[in-house]
Engineer: 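Can you keep this structure in mind? I'll have questions shortly.
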2 protein chains.
Amino acid sequence: MYNSHKIGALIILISITITHMQSSKKEGYFNPGVTVDVAIFTIEDNTLKILLIKRANEPFKGTPALPGGFIHKGESSLETAERILADKAGVKNVYIEQLYTFDESERDPRGQIISIAYFALVPREKLGIHEGSRTENPEFVSVENLDKLAFDHKKIIAYALKRLGDKILYTNIAYSLLPQSFTFSQLQKTYEIILGAPIDKRNFRKKFIQLDMIEETNEKLTGKRQRPAKLYRFKKKMPEKLKRFF
Amino acid sequence: MYNSHKIGALIILISITITHMQSSKKEGYFNPGVTVDVAIFTIEDNTLKILLIKRANEPFKGTPALPGGFIHKGESSLETAERILADKAGVKNVYIEQLYTFDESERDPRGQIISIAYFALVPREKLGIHEGSRTENPEFVSVENLDKLAFDHKKIIAYALKRLGDKILYTNIAYSLLPQSFTFSQLQKTYEIILGAPIDKRNFRKKFIQLDMIEETNEKLTGKRQRPAKLYRFKKKMPEKLKRFF
DNA sequence: GGTATATAGTGTACTTAGAACACTAAGTAG
DNA sequence: CTACTTAGTGTTCTAAGTACACTATATACC
């Protein structure tokens, strides 16, 4: 009777340890908790937006945060990120890459929990009209007005923005933000939004034609109060490096 | 008596779980093991070399591998990497940055163990004449002749080499491979080794002077059977981005 | 001491890419 | 049918990259 109480106490101890994501092993070794957070970007209304949820639980309950979660057993971090993309943004087969692993010790009040951060790009058209309305209420927010965020997520977003700004200059990832076909103006706007600076129209077109990344379709965008614009598409919708850019 | 056996059994179970680096939690959540591996490069005998150890334990006992280890409690992954650098290469305060987190499920036969990989650059002069001679026998090996390596370490090294080749083109990290003062020829050789291609001497000098990264010292390198070479030093020995390069 | 040898050090012409810049074209709105 | 809005197009100038060959100054060796 006394002994079985002891067992009960032990089990409680174990569950506490696990809740804290820290199972102490012999001599200093232990496993930190491992989460995945995803910075999901899209362009809407001529601004770069990122998907944020309101945290349903402590810590930071109610505070906006990147969608994320713990790695499941048998899952790679990429698979975790894709699961989060499907669950929170309702999309799959979008551009995604690992960003950085954040693990400064004070980043999570629950203890030593690392975050393998990913960043993803989604064309606006792939997203439903308005995302889920659970308590988490995921929504796309302009990266210009980010208030207080949970954990170190502001830092993660800053890092993601830097990566995005760099990569758009030497890869073709712009394809992953644009619809299947698009006008030259839309394409240029995408670059201007991400780079945060206007670009000369003629130089931009010259450069892009030289890069040979896109081709004309036979269609034009009509119905606007202006000369119809030719529609283009990317020749390849796979990530690749370019020689250089601007 | 019977009950205390039960406790014993429980404790064994726990230790097995921990040894496998997997503590199963409620519903799919669990903590993978977290290790840090470090790709430590230096230049010696006009080749790029990387530090490898022979694994002292299973799995892959006896096979060459990157120096690495589990994160200790309270340690960030960067601190782990720095500890490994000190223990295995005997250096500190060298260039180090996080590379990538490798976590494909089959990478470690012990189960789900992720590796936060770092890469470090060490000038040859900072390393002792010959490194430790424990069973691990750390030694610098030319990146040209890498045999079978433990885990996915070949992949990690390939990734590190790509990063190094990229970064030497748009940052000043070359400073972290060179001694305090050096000749223009040594500097150029460093670039040629990392890029794997010869560079025109006049263009290289022109470019480097234009970049304004280095300055003359008052010294010359004499004692060689040739015209003495001026010695230069880097103006700043801190990582910074350049506009562009070659 | 003189000669061979090895690496240090320097300048110019050509080619390519980037930057600056303004007008005409073709639709819809009213 | 006129006003308005965005689409579409070339040229000049400047900066950077590339290709290329000879002279300078030390030590090694005879």
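Lettering follows sequence order; numbering is per chain, from 1.
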Engineer: Please work out if A:K206 contacts a base, only the sugar-phosphate, or nothing of the nucleic acid, heavy-atom cut-off 4.0 Å.
Structural biologist: base
Engineer: Quick one about B:T101 and A:T101 (side-chain donor to acceptor, distance below 3.5 Å, no hydrogens or angles considered), yes or no?
Structural biologist: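 Judged by distance alone, the side chains do pair up.
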Engineer: Got a donor-acceptor pair under 3.5 Å from the side chain of B:R202 to the base of D:dA21?
Structural biologist: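 Indeed, a donor on one side and an acceptor on the other fall under 3.5 Å apart.
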Engineer: Measure centre to centre between the rings of A:F208 and A:Y191, then say whether the value is under 6.0 Å.
Structural biologist: yes
Engineer: Can you identify which nucleotide, out of C:dA25, D:dG17, C:dT7, has its nearest atom closest to the B:S185 side chain?
Structural biologist: C:dT7
Engineer: Can you check the B:L195 CG to D:dG17 P distance for me, whole Å?
Structural biologist: 14 Å
Engineer: Expressed as a whole number of angstroms, how long is the span from A:Q186:CD to D:dT6:P?
Structural biologist: 13 Å
Engineer: Among C:dA6, D:dT6, D:dA24, find the nucleotide with the atom closest to the side chain of B:R225.
Structural biologist: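 Nearest to the side-chain atoms of B:R225, counting from C-beta on, is C:dA6.
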Engineer: Could you give the CG-to-P distance, from A:L221 to D:dA7, as a whole number of Å?
Structural biologist: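 One finds 9 Å between P of D:dA7 and CG of A:L221, rounded.
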Engineer: Quick one: the side chain of A:K201 and the base of D:dT6, do they pair up donor-acceptor inside 3.5 Å?
Structural biologist: no
Engineer: Could you please name the option among C:dC21, D:dA7, C:dT5 that lies closest to any side-chain atom of A:N203?
Structural biologist: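 Looking only at side-chain atoms, A:N203 lies closest to C:dC21.
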Engineer: Looking at B:Y159, does the NZ or CZ of B:K162 lie under 6.0 angstrom from its six-membered ring centre and within 45 degrees of the ring axis?
Structural biologist: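 Yes; both conditions hold, so B:K162 lies above the ring face of B:Y159.
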Engineer: Could you tell me the separation between the NZ atom of A:K230 and the C1' atom of C:dG27, rounded to a whole number of Å?
Structural biologist: 15 Å
Engineer: Take atom CD1 of A:I209 and atom C1' of D:dG10, then tell me their distance rounded to the nearest Å.
Structural biologist: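 My rounded result for the distance is 12 Å.
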Engineer: Evaluate the side-chain proximity of B:Y175 to B:I214: yes if any heavy-atom separation is below 4.5 Å, no if none is.
Structural biologist: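 Counting from C-beta outward, B:I214 and B:Y175 never come under 4.5 Å.
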Engineer: Between D:dA15 atom C1' and B:K207 atom NZ, what is the distance in whole Å?
Structural biologist: 11 Å
Engineer: Hey, which of these two, A:K220 or B:F184, hits DNA chain C nearer its 5' end, going by closest nucleotide?
Structural biologist: B:F184
Engineer: Using the ring of A:F60 (Phe, Tyr or Trp, six-membered ring only), decide whether A:R55 places NZ or CZ under 6.0 Å from its centre and within 45 degrees of its axis.
Structural biologist: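 Output no; distance or angle outside limits.
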Engineer: Out of D:dT25, C:dA4, D:dT6, which has the shortest distance to the side chain of A:Q226?
Structural biologist: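 Within the option list, the nearest is D:dT6.
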Engineer: Just how far, in rounded Å, is P of C:dA8 from CD of B:E216?
Structural biologist: 15 Å
Engineer: Measure CZ/B:R227 against C1'/D:dA26 and give the value in whole Å, please.
Structural biologist: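 Taking CZ of B:R227 and C1' of D:dA26, I get 9 Å after rounding.
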